[in-house]
Amino acid sequence: MARTRTIALTAGFLGLIFAPPVGQAIVELREGERPVIAELFAGAPAEAHLRQLEKSLDEASSLGSHLRPWYQVLKHRLTGDLGHKALRGREGWLFYQPDVKYLLEPYFRGQGPLPEGDPVAVIRDFKEQLASRGIDLLVVPVPGKPSVLPDRVSAALERTSEVNGNTRRFLSELREAGVETVDLQAAFRSRREAAGDDGALYLRTDTHWTGEGAVLAARRLAERVRRYSWYEGAAGERRYRTREASVMRRGDIVTMSGVPSAIETIPEELVRCRQVVDADGGLYRDLPESPVLLLGDSFSRIYQSDEPRAAGLIANLAYELQLPLASIVNDGGASTLVRQQLARRTQLLEGKRLVIWAFVERDVRFGLQGWKPVALWPEEPQPHDPTPAPGSPKLASP
Amino acid sequence: MRPIALCLVALALAAPARAESAEELALTAELVEIPSELPPDDLYDYAYVMKYRVQGGAQGGQTLLVAHYKPRQPREKIEKAMRDRVGGKLKRFRTGDLHRLVLRRDLEKVFDGAVVDEYFAADRKTPRYWCKQVDPA
C-alpha cells in the first residue's frame with residue numbers, strides 16, 4: 001500500500017513537472033510550429049542561453065496565457081494588486097513603477113560602466129552637431145508624476161518632499177556641459193503650491209499630465225524661446241486662438257496592467273484641454289519649414305495627435321509663440337529613437353534656428369534603446385566622440 | 001479594332017497590379033537574426049527590425065531588413081487598429097525559422113511610431129521594409 005502511494009505521489013509529482021512542457025510541445029507541433037523546448041539543444045547550456053529559453057517558454061506557454069488573466073483578476077480582487085508595472089498610491093492615484101524607481105535609485109553616474117550610454121555626453125554631442133549648422137538646442141526633462149506629487153505615492157512623503165535629486169543633478173551636469181535647459185519641475189511645484197491641492201497637473205490613473213499640465217509646460221517653454229534674438233522676426237502676425245475641448249481618457253497605467261477587472265472597474269477620467277485653432281477655425285497643424293523643431297515623446301503626443309487633437313504641448317507652445325512648429329514625436333523613444341528618426345530626415349533641419357528636445361525624466365535611466373550617439377550627418381567629421389571614458393564624471397564645457 | 005480594344009483592357013487591368021507590386025513584395029525568407037532582446041511593449045508600441053535571408057527566386061540569398069510591429073505578440077493578437085497594416089498567423093519570432101512575408105517598401109508612410117533598429121549605426125543605406133503579413137513557411 002505504502003509502495004503504491006509512493007509510486008502514485010512520484011508519478012503525480014513528475015506529471016506536474018513534465019505535463020506543461022510536454023503539453024506545450026504537443027500544442028506547438030499540432031499548430032505546425034517547432035517546439036520552443038527544442039531550443040534547449042540549439043546552443044551550449046550557458047547561463048544566458050538557459051535564461052533566454054526560460055523566458056521564451058514563459059512567453060510561449062498556452063497554459064500560462066490561459067491561466068494568467070484569471071490569476072490577475074483573483075489577485076486584483078483580493079489585494080488590489082495591478083501587476084509589477086503599476087503602483088497603487090493614496091486616494092486612488094496610480095503610479096508607473098519605473099517613474100518611482102527612477103526617483104529612488106542612485107544617480108546613473110558613479111555606479112560603474114554605463115551600458116545604456118551616457119545621456120549627458122550624448123546630449124552634448126547632439127548640441128554640437130546642431131551648433132555646427134547654427135541651430136540652438138533646448139533640453140526639457142519632463143517631470144514624472146511622482147516627482148510633483150510625492151505625497152500621493154506614500155503617506156511617508158510630504159507634499160514638499162524633494163524627491164527629484166537625480167533630475168536636478170542631471171540638469172546641473174547639462175548646464176555645466178554648455179547645454180541650455182528648461183526646468184519644468186520648479187514651475188509644476190510652484191503651481192501645486194499655489195493651487196493648494198494636486199494642482200490638476202497629472203491624470204490620476206495615467207502616466208501623463210493633464211491638459212492644464214501641457215499648457216503650463218508650453219507657457220514655461222515659451223518664456224525661454226521668446227528670449228532668442230531671432231524670435232521677434234519669426235513670430236509675425238497673430239495666427240492662433242484657443243477654445244475649450246474635453247476628452248474622456250482611460251489611464252494607460254490601468255490598460256497596461258492588463259487586469260480585466262481593473263479595466264472594468266477603474267473609471268475613465270474627464271480631461272479639460274485647451275485646443276488651438278487657426279484663423280479659419282481649423283485645428284493647429286505643424287509646419288515643416290518652421291524655425292523651431294520639437295522632438296518629443298508621449299508627453300508631446302497626448303492631446304495632440306490623440307483626442308481631442310491640437311490640444312497638447314506642441315499646439316499650445318505654437319499658440320504661446322504664435323508660431324507654427326515642426327515636430328517629431330516618438331512614444332518612449334525620445335532618448336535615441338527620435339534622433340535616429342531625425343537623422344533619416346535631416347532635410348527637416350533646413351532653416352531651423354532651434355531644436356527643443358523634451359523627454360520624460362525617467363528616460364535618463366530607462367529610455368527605450370538607452371542613449372546611443374547618433375550622427376546626423378555621418379559623412380561629415382563628428383565634433384567629438386560622445387563615448388566618455390568608463391566611470392569618468394568629467395564634462396568639459398565646449 | 002478588336003485587338004486594340006483588347007490591348008487597352010489588358011493595360012487597364014495591368015495598371016493596378018503594377019502599382020501594388022511597386023509598393024509590396026511577397027517572398028519566403030529565413031529569419032537569420034534578431035539582434036537583441038525584444039524590449040517590453042506594455043507601455044509603448046514599437047516596430048523592431050530583424051534580418052532575413054531570401055530563399056529562392058530572383059532575390060535568393062539577398063539580405064533584407066524587416067520591421068515587425070510588436071513582435072512579442074502573436075500576429076493574430078495585434079490590436080484592431082493595426083490589423084490593416086499587420087497580419088498573418090505567425091505566433092513567435094525565432095531565428096532559423098522560414099517565413100512567408102508580404103512586405104511594404106514605404107515603412108515611414110505605414111508607421112510613424114518608434115522603430116527599434118539595431119542596425120542603424122552600422123547601416124543606414126539598406127532599405128527597411130514594413131512587414132504587412134507573416135506566416136510560417
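Note that these values count all heavy atoms, side chains included, but never hydrogens, waters or copies made by symmetry. So you know, we letter chains A, B, ... as the sequences are listed, proteins then strands, and number each from 1.
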Should B:Phe120 and A:Val374 be marked as a side chain to side chain contact (heavy atoms under 4.5 Å, CB included) after you check the CA-CA gap, both sets of side-chain angles, and the distance that decides it? CA-CA 9 Å; B:Phe120 181 84; A:Val374 173; 3.9 Å; yes
Contacting moiety of B:Asp117, where chain A heavy atoms sit under 4.5 Å: both
Can you tell which part of B:Ala121 gets under 4.5 Å to a heavy atom of chain A, answering side chain, backbone, both or neither?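 Nothing of B:Ala121, per the 4.5 Å heavy-atom cut-off to chain A.
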Flag if over 12 foreign heavy atoms under 6.0 Å of [atom1], [X]:
X: A:Arg250; atom1: CZ; value: yes
X: A:Gln347; atom1: CD; value: yes
X: B:Arg53; atom1: CZ; value: no

Heavy-atom distance under 4.5 Å to chain B: side chain of [X], backbone, both or neither?
X: A:Arg345; result: side chain
X: A:Asn330; result: side chain
X: A:Val338; result: neither
X: A:Ser298; result: side chain

Trace of the side chain to side chain contact (heavy atoms under 4.5 Å, CB included) decision for B:Arg92 with A:Val36: CA-CA 10 Å; B:Arg92 54 193 149 265; A:Val36 176; 3.3 Å; yes
Could you check which of B:Leu90, B:Asp97, B:Asp112 has the highest count of heavy-atom pairs closer than 4.5 Å to chain A?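 Result: the option with the highest number of such pairs is B:Asp97.
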Specify which of B:Arg94, B:Glu37, B:Lys89 makes the most heavy-atom pairs with chain A at under 4.5 Å.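 Ranked by heavy-atom pairs under 4.5 Å with chain A, first place is B:Arg94.
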So B:Val116 and A:Leu368, do their side chains get closer than 4.5 Å, heavy atoms only? yes
Could you grab the distance from atom [atom1] of [X] to atom [atom2] of [Y], nearest 0.5 Å is fine?
X: A:Leu337; Y: B:Tyr44; atom1: CG; atom2: OH; answer: 11.5 Å
X: B:Arg128; Y: A:Arg344; atom1: CZ; atom2: CZ; answer: 6.5 Å
X: A:Gln340; Y: B:Arg124; atom1: CD; atom2: CZ; answer: 8.0 Å
X: A:Ser62; Y: B:Lys91; atom1: OG; atom2: NZ; answer: 8.0 Å

